Structure formats: C-alpha cells, structure tokens
Amino acid sequence: MAKRIPLIILLWLGADLYFYQAVQTLVNSGVLLWCYWLIDLLLMSGIIAAVFVRRGIRMQQNLIAWLIGLMLLAFVPRLFSLPVLMLEDITRLFRGFPPRAVWVSELTLGTAAVLFFFVLFGITRGRHFYRVRRETIYFPDLPEAFDGFTITQITDVHSGSFTNAAGVQKGLGLVNAQHSDVILFTGDLVNNLASEMDRWIPAFAGLKAPMGKFSVLGNHDYGDYIQWETPEAKHANLARLKRVHAEIGFRLLLDEAITLKKGVQSITLLGVENWGKGGFHKYGDLNKATERVPDDAFKILMSHDPSHWEGVTLEHHQHIHLTLSGHTHGMQLGIELFGFKWSPIKYMYKQWAGLYRHEGRFLYVNRGFGFLGLKGRIGMWPEVAVITLKRK
C-alpha cells in the first residue's frame, strides 16, 4: 500500500483542484474554502500515518477501514461529478474562457450531493445489501440426471469484518432460501485468524443443502498478512481454521476431487488451494486434484482466485467445464446498471465479476459475501450466486 500512496494522493489532489473551481464559484466565505482543503489534509495525513502502524494489528485494520470510507465519501462524489465541469470547459474553449456559469457549478455540486448520499448508503448499509444473482449454463455433455442441477455459491466471507449478526443472518437466510442441491464456498472465510469465526460458527452451520456443502481456502485463510510470533503459531492457526470448516458442516477440498452421484450418473467436484497471479502464493495443484479423475468426467472446479483460470485451468490437459471463483470482491466499488458493468478492479483482473466463457469452458466470479478494508460496498453489492446446469 505504501508504494501506491503517492499515486493515490496525486489523483486525489488533481480531482479536488478541478472540483474546487465549482466550489469557489459559489462560495464566498474564506473560512469554508479553507475547510474544503483542511478535510483533505486531515484524511491524507491519516492514510499516511496508518501505513506506519504495525502491519496486521487490529488498530491498523480499523483505522484503515474508517479512513477508506471517509476518503471515498470525500473523493468519489467529486470525481464523478467532474464531467459536468469538463463539458462546460469544452464550450468555454470556443468562447474565450469566460467565467464559469453559476448554474453549471450548481449542477456540479448537486451531482456530487447525490453521489455523496449513494456512497453514504454503501458504507453504512451496503455491506449487507445482498443480491441474488442467477445464471443458467448449458453443456452438451452434462449427465442427464444432473439436468437442472443447482449450485449456490458464496465466497469471501471475511468473518473478521462482521459486527452485525442480523445483517449476516439476512445473507445466510437468502442462501438457504435458494434450496440448491449443493452449497459451495470458494475461500476467505476469515481475514487472518481462525478465531474470527468463533462467534459465527452456529450461524454458518445452519446452512443446508441436500447433496452437501463444500469449500476451499482463499489467500487470507493462510494467515500470510499478519506477523506471527512463531511459525508454529501460524501453522496452528491454519489447522484450527480447517477444523472450523468441518464444524460449520463444509467438506474442505485441498487439491482433491469428490464425486457427486445421482443414480448411476455422476459429476466431479474439484477443489484446489489458493493459486494467484502476481505476488499471491501458488499453493494450488490442479494436477494433484485431477490425478484420479477420468478425462471424460464432467468437472466443476472451486478455485478462489480467478487468475487461476487463464493461468492454469484453460491450459490443463483435462477439460474443466465450470470454474467458480471469488477473490476480487468487485473491489466493493463499482457500477452495474442496465447491463453496464465497471469497477477499478477490472484494470487488475481480466475476469473480475460474473460469467466468462472460453471455448466451452466457463468461469463464474462471485462478487463476495463479506467485505474487507472498506466497511461497506458501493454499487458492487454482496452476492449470493445461484447457478443452474442444463443439458443442451
């Protein structure tokens, strides 16, 4: 994060300098204009200070979460209202740059005000504004007995961020309400510590599916993002987390395959440990998971990080029909409206939310059930995904 701070501050200041023109057009009070910059100065100072708090401790996590929320509340409305000023500047270019029109500055501040309340909703109520998203995917070689087979997928719970039991139960109730054949969880049960799940074990144990509940690990589950007193303590934390999966009724797949049967027909469910591009650990071993799986089996893979799909899965010698991933959270910030979908995370991940297809192989990237860092979601709401398999 420290390496990104200069760029973040540069973009922030650039947007604020431009937006300030509209403020200056409408506000005559020098005190109010000074307050405009004082807010930015305090927030930027707080972000810089948070970097120097010892990594991974609770104080840093809470401080960063609050600062991110306040920063977005100050920055996003200004940034996305700037096109109003830009359009005026295009016309001013041909008019000899006269003074800004008051009504344009009023429209700019009005747009920013609407966006302010949208962001405010996201950081106060958006964290539990669960959406059920449905996809039906057709396969020519799906066993007939599994025509209409339903999967409910959740991912990225991040239980260490939860504080509202009623809000969490609302999401879990939606999961059970889908009455799917299986429930699949694709990693990041906690932020760092297995103990973060202690309070939530009874709630997650209440999830029900007639053909079982299955899970894999995500990058946060390994405890790689905090400082441990000893390697043994880190190992014990992971061992405890694996037991938590069993306590909430999920069969944890660690580079393994299991068979789901209906009568004499079956499909194969694969689960790999976390594998991610860039600086993320590449624990997962798809070869190990498929070593005893027939080539002609219908296969569903749970792999936390969607970069595994292009990095490994598509090139694998076995045909993996459907991969389910999470990890990106849709950055917890974005726009999805009338078929249009955008988030800054798209510049880091080619596959970041929703359904993707390549030569008869499918990837579904879930936007996540929980939240991390930002204590909310802005436009990229928490998700319960329901996928129906159909035979062509």
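Worth saying up front: this structure is predicted, and the values here are computed from it rather than measured.
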Can you list, pair by pair, the side-chain donor-acceptor contacts under 3.5 Å of residues 67-84, counting residues two or more places apart and other chains?
| residue | atom | partner | partner atom | Å |
| --- | --- | --- | --- | --- |
| Arg78 | NE | Ala74 | O | 3.0 |
| Arg78 | NH1 | Asp16 | OD1 | 3.1 |
| Arg78 | NH1 | Asp16 | OD2 | 2.6 |
| Arg78 | NH1 | Asp40 | OD1 | 3.2 |
| Arg78 | NH1 | Asp40 | OD2 | 3.2 |
| Ser81 | OG | Pro77 | O | 2.9 |
| Ser81 | OG | Arg78 | O | 3.0 |

Qualifying salt bridge (Lys or Arg N to Asp or Glu O under 4.0 Å) pairs, either residue in residues 107-132, two or more places apart: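 Applying salt bridge (Lys or Arg N to Asp or Glu O under 4.0 Å) to every pair that reaches into residues 107-132, excluding sequence neighbours, yields nothing.
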Parallel, tilted or perpendicular: rings of Trp37 and Tyr20 (30°, 60°):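 Geometry flag for Trp37 against Tyr20: tilted rings.
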Mutual orientation of the aromatic rings belonging to Phe250 and Phe185 [parallel < 30°, tilted 30-60°, perpendicular > 60°]: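 Taking Phe185 first and then Phe250, their aromatic rings stand perpendicular (interplane angle over 60°).
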Beyond-backbone contact of Glu383 with Arg377, side-chain heavy atoms, under 4.5 angstrom: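 Heavy-atom side-chain distance check fails, nothing below 4.5 Å.
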Ring-face cation of Lys341 near Trp352 (centre distance under 6.0 Å, axis angle within 45°):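 Because its charged atom sits under 6.0 Å from the ring centre and within 45° of the axis, Lys341 does stack over Trp352.
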Residue list, side chain to side chain contact (heavy atoms under 4.5 Å, CB included) with His179, at least two apart or on another chain: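 If we apply the side chain to side chain contact (heavy atoms under 4.5 Å, CB included) test to His179, skipping adjacent residues, there are no hits.
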Could you work out, with ring pair (Phe, Tyr, Trp, His ring centres under 6.0 Å) as the rule, every residue matching [X], not counting sequence neighbours?
X      : value
Tyr222 : Tyr283
His358 : none
His158 : His220, His329
Phe280 : His327

Counterpart residues, side-chain hydrogen bond (donor to acceptor under 3.5 Å, both in side chains), relative to Asp255 (two or more places apart):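 Asp255 satisfies side-chain hydrogen bond (donor to acceptor under 3.5 Å, both in side chains) with no residue once adjacent residues are dropped.
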Set of side-chain hydrogen bond (donor to acceptor under 3.5 Å, both in side chains) partners for Gln265, sequence neighbours left out: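 Expected list: none.
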Linked hydrophobic residues, Leu301 as query - side chain contacts closer than 4.5 Å: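 Members besides Leu301, by chain and number: Leu270, Val272, Trp275, Leu286, Val293, Val312, Ile320.
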Between Asp296 and His319, a side-chain donor and acceptor under 3.5 Å: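 Judged by distance alone, the side chains do not pair up.
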What pairs of donor and acceptor atoms, side-chain ones from residues 166-176 against any protein atom, are under 3.5 angstrom apart with sequence neighbours left out?
| residue | atom | partner | partner atom | Å |
| --- | --- | --- | --- | --- |
| Lys170 | NZ | His128 | O | 3.2 |
| Asn176 | OD1 | Lys208 | N | 2.8 |
| Asn176 | ND2 | Gly206 | O | 3.1 |

Stepwise salt bridge (Lys or Arg N to Asp or Glu O under 4.0 Å) test for Arg240 and Glu247: CA-CA 10 Å; Arg240 170 60 188 147; Glu247 291 174 19; 2.6 Å; yes
Inter- and intrachain pairs under side-chain hydrogen bond (donor to acceptor under 3.5 Å, both in side chains), touching residues 139-152, at least two apart: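 Residue pairs with at least one partner in residues 139-152: Asp141-His321, Thr150-Asp181, Thr152-Ser180.
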